[in-house]
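All remarks here apply to the structure that follows.
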Amino acid sequence: MYLVGGRDVAEGAIERASRAGFSALVVTIDTPVAGMRERDPRSGMKELLSGGFFAKFPFLLQFVGHPRWVAGFLLDGGVPPLPNIVIPGKGPMPLLDVTAALARAVVTWDDLKWIRESWRGPIVVKGVVTAEDARRSVGEGADAIVVSNHGGRQLDCVSPSLQTLPEIVSAVGNQTEVLFDGGIRRGSDIVKAICLGARAVLLGRGYAYGLGARAAWRDASPGHFEG
Ligand SMILES: Cc1cc2nc3c(=O)[nH]c(=O)nc-3n(C[C@H](O)[C@H](O)[C@H](O)COP(=O)(O)O)c2cc1C
């Protein structure tokens with residue numbers, strides 16, 4: 001959960017998650033500022049989502065060069081709204097608004113208190129990279145923490161999450177579950193994280209790379225594809 005859209009939106013999401021039978025709530029704390037994702041300006045993310053025709057123009061060749069992708073994208077409904085961020089009285093937040101909304105969605109320790117009151121199940125605090133924040137998370141009632149620098153997608157100067165894992169495990173490992181993510185690509189990466197004290201690991205890009213590789217393989221060898 002992000003606090004995008006404010007408390008009312010978050011409370012609605014908590015309520016839906018609870019009704020849908022989810023058992024734990026993950027609260028991400030590492031996005032007080034948006035990461036500098038240089039690929040987004042390069043590929044025209046902002047212009048394509050919100051710009052006028054002339055702003056979009058430099059990127060239109062990309063569409064011409066990928067007609068199958070464009071057809072699939074349009075058949076799939078085009079730019080999706082965010083169905084899990086429901087603004088009261090308005091409905092799902094448009095994707096276009098999310099960057100600005102995220103920039104306003106700073107989570108504070110005080111927020112954890114009311115989240116604790118709204119959610120009865122376990123709370124996982126995700127995005128911890130220092131022993132100090134790990135102790136504070138436990139003090140504020142986190143049942144687990146995820147040692148994570150958001151896969152390096154947020155701030156590019158923070159420590160690699162694997163490097164901070166041992167100090168966090170020695171600080172709070174006997175009081176809470178310490179989970180880990182960032183760069184898990186194969187089994188040996190999982191073994192390393194577990195050996196450094198993680199209880200379990202999470203995956204961000206790994207599954208997406210798998211899906212992409214499968215699609216690329218299918219396109220490259222349609223006759224051999226049976227899956
Ligand atoms: C496309 C994409 C979207 C993500 N969205 C979120 C998100 O909404 N909330 C969040 O806490 N982390 C998000 N993350 C970060 C992942 O949860 C995770 O921390 C990170 O990707 C782990 O690194 P890995 O990709 O190397 O496994 C996202 C990551 C990717 C690649």
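Every number for a ligand or one of its atoms is a count from 1 in the order of the listing. Bear in mind that the values here come from a model prediction, so they are computed numbers and not experimental data.
Taking atom 11 (O) of ligand 1 as the reference point, the nearest protein heavy-atom neighbour is Thr28 OG1, 2.6 Å. The protein atom (non-hydrogen) at minimum distance from atom 15 (C) of ligand 1 is His150 CD2, 3.4 Å. Protein heavy atom at the shortest distance from atom 6 (C) of ligand 1 is Tyr2 OH, 3.8 Å. In terms of protein heavy-atom proximity, atom 31 (C) of ligand 1 is nearest to Arg205 CG, 3.4 Å. Annotation: atom 18 (C) of ligand 1 to nearest protein heavy atom, Asp181 OD2, 3.1 Å. The single protein non-hydrogen atom nearest to atom 26 (O) of ligand 1 is Gly183 N, 2.7 Å, given as residue, atom name and distance.
Side-chain contact between Lys126 and Leu179: absent, with no pair of heavy atoms (C-beta onward) separated by less than 4.5 Å. Side-chain contact between Leu155 and Asn149 is absent, with no heavy-atom pair separated by less than 4.5 Å. Ile115 places a side-chain heavy atom less than 4.5 Å from the side chain of Leu3. With contacts defined as side-chain heavy-atom distances shorter than 4.5 Å, the pair Phe180/Leu196 does not qualify.
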- Might you work through the side chain to side chain contact (heavy atoms under 4.5 Å, CB included) test for Glu38 and Arg42, ending with a clear yes or no? CA-CA 6 Å; Glu38 288 163 357; Arg42 259 205 312 277; 4.2 Å; yes
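In this comparison of Arg185, Arg153, Gln154, Met1, the heavy atom closest to atom 1 (C) of ligand 1 sits on Arg153.
Considering backbone and side-chain N/O atoms, Gly204 comes within less than 3.5 Å of an N/O atom of ligand 1. On a distance-only criterion, Gly206 and ligand 1 share no N/O pair closer than 3.5 Å.
Distance OH/Tyr2 to CG/Asn84: 10.5 Å, rounded to 0.5 Å.
For Lys113, the NZ atom counts as densely surrounded, since its 6.0 Å shell holds more than 12 non-hydrogen atoms of other residues, nucleotides or ligands. Counting heavy atoms of neighbouring residues, nucleotides and ligands inside a 6.0 Å radius, atom CD of Gln175 exceeds 12 of them. Atom CZ of Arg37 is surrounded by more than 12 heavy atoms from other residues, nucleotides or ligands within 6.0 Å.
Each of the following atoms of ligand 1 lies closer than 4.0 Å to a heavy atom of Lys126: 10 (C), 11 (O), 12 (N), 15 (C), 16 (C), 17 (O), 18 (C), 19 (O). In the vicinity of Ser148, heavy-atom distances shorter than 4.0 Å reach the ligand 1 atoms 19 (O).
Distance check on atom 23 (O) of ligand 1: some protein heavy atom falls below the 4.0 Å cut-off. The nearest protein heavy atom to atom 13 (C) of ligand 1 is closer than 4.0 Å.
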